[in-house]
Amino acid sequence: MNHDNDQYDIETLGVRAGIERSQFNEHSEALFLTSSFVFNSAAQAAARFKGEEPGNIYARFTNPTVTMFEQRLAALEGAQRCVATASGMSAILATVMGLLSAGDHIVASRSIFGSTVQLFNNIIARFGVETTLVSPTDVDEWRRAVRPHTKLFFVESPSNPLTEVSDIGALAALARESGARLAVDNCFCSPALQRPLELGADIVIHSATKYLDGQGRVLGGAVLGSKELMEGVFTFLRTAGPTLSAFNAWVFLKGLETLKLRMDAHSASALQLASWLEQHPGVERVYYPGLPSHPQHALALRQQRSGGGIVAFDVKGGKEAAWKVVDATRMISITANLGDAKTTITHPATTTHGRLAPEQRIAASIGDGLLRVAVGLESVRDIQADLARGLDTL
Ligand SMILES: *Cc1c(COP(=O)(O)O)cnc(C)c1O
């Protein structure tokens, strides 16, 4: 089922879209561990290399398991084409290298993944592509940052770790007006909760490492969009080789089968936990798009199906109090990963955002008392009790 994807719901697409069976007619998706593919004749080899005949050639750029993952994720995002990559970071790199040239300019939200800021400012900048960082929520600041050679808008919504919500439709309209493309890192929502292309974005980027796997096993990424835009991204991948491994693609295919169920469960538990935290005397402020107190709650309800699985909160008492809450946990994992069945807790100021200069951290509102919890699939009562251990002593 690839030609009639439009008629199916997202639950069905997650389970069935993109399957291509081998001559053995296996029911579950096959894992093709092979680096190259055999041709029937010299003429066929020549036709494949010229692109005159479709088919697999070499696994740096063609592998049936990876293709199945690409087709399934494209169906879920409503994209014409998906290019899978080795990680979320290489998906962002492939987007820039595939679509931009020296002299081009990027406008990006200030509230993006720490490594993405490093990639733009310290690596891509060395090749003559400059980035201006702006507020995730103030569209006028984006408008003022646009230059004649601005080619890419880059945003993450909700953002990490403060869950700020950007108006994807408004940014898409401004991008069109400015001759730029809008790329949305859809990591926190996944297509189960938010479909940026429907909201007007041109490109969707994923760290598949997070919710698409959903069980913290392997790294991967993806770039999605129109056939025309993805041709540039694919050409970079084919030539430079930050390719998704077939094994990891197979893990993601199985992850996508349960994506909708998991995202609904993550969201329901996160909302319950956020509401509880908001009432706790040791907590200064809670950041969760599903709460009416969130500054962009109404916008979040318009563009997302629910609030997602990430809750951030400021504890009273700064770093010392925050570390106390982290160290008092017995079940929750102290790790920077997110989007796992296992709940994780992070102190952003000293880990994920530790490489930022103090003034950059202040500009991004990453306070010393801030904690980020990626709510997993355990009982929400047990997650709450584990956080209460530390919070109740503050
Ligand atoms: C983790 C993450 C990335 C990077 O993905 P990797 O798979 O770790 O390379 C990019 N964006 C967001 C929002 C992330 O959470």
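It should be emphasised that the depicted structure is a prediction, and the values quoted were computed from it without experimental measurement. Note that ligands are numbered from 1 as they come in the structure, with each ligand's atoms numbered from 1 the same way. For reference, positions follow the sequence shown, starting with 1.
In summary, the side chains of Q80 and E228 do not present any donor paired with an acceptor at a separation below 3.5 Å, with no hydrogens or angles considered. Defined by atom type and a distance below 3.5 Å, a donor-acceptor pair is missing between the side-chain atoms of E164 and T137.
No more than 12 heavy atoms of other residues, nucleotides or ligands lie within 6.0 Å of CH2 in W323, so this atom counts as exposed by the packing criterion.
The 4.0 Å heavy-atom shell around ligand 1 contains residues S87, G88, M89, F113, E156, D185, C187, S207, T209, K210, G220, ordered by chain and number.
Taken together through direct or relayed side-chain contacts under 4.5 Å among Ile, Leu, Val, Met, Phe, Trp and Tyr, Y58 and L33 form parts of separate hydrophobic clusters.
Between E29 and R21, none of the side-chain N atoms (NZ, or NE/NH1/NH2) sits under 4.0 Å from a carboxylate O, so this pair counts as no salt bridge. A salt bridge links E257 with K254: the distance from a Lys NZ or Arg NE/NH1/NH2 to an Asp or Glu carboxylate oxygen falls below 4.0 Å.
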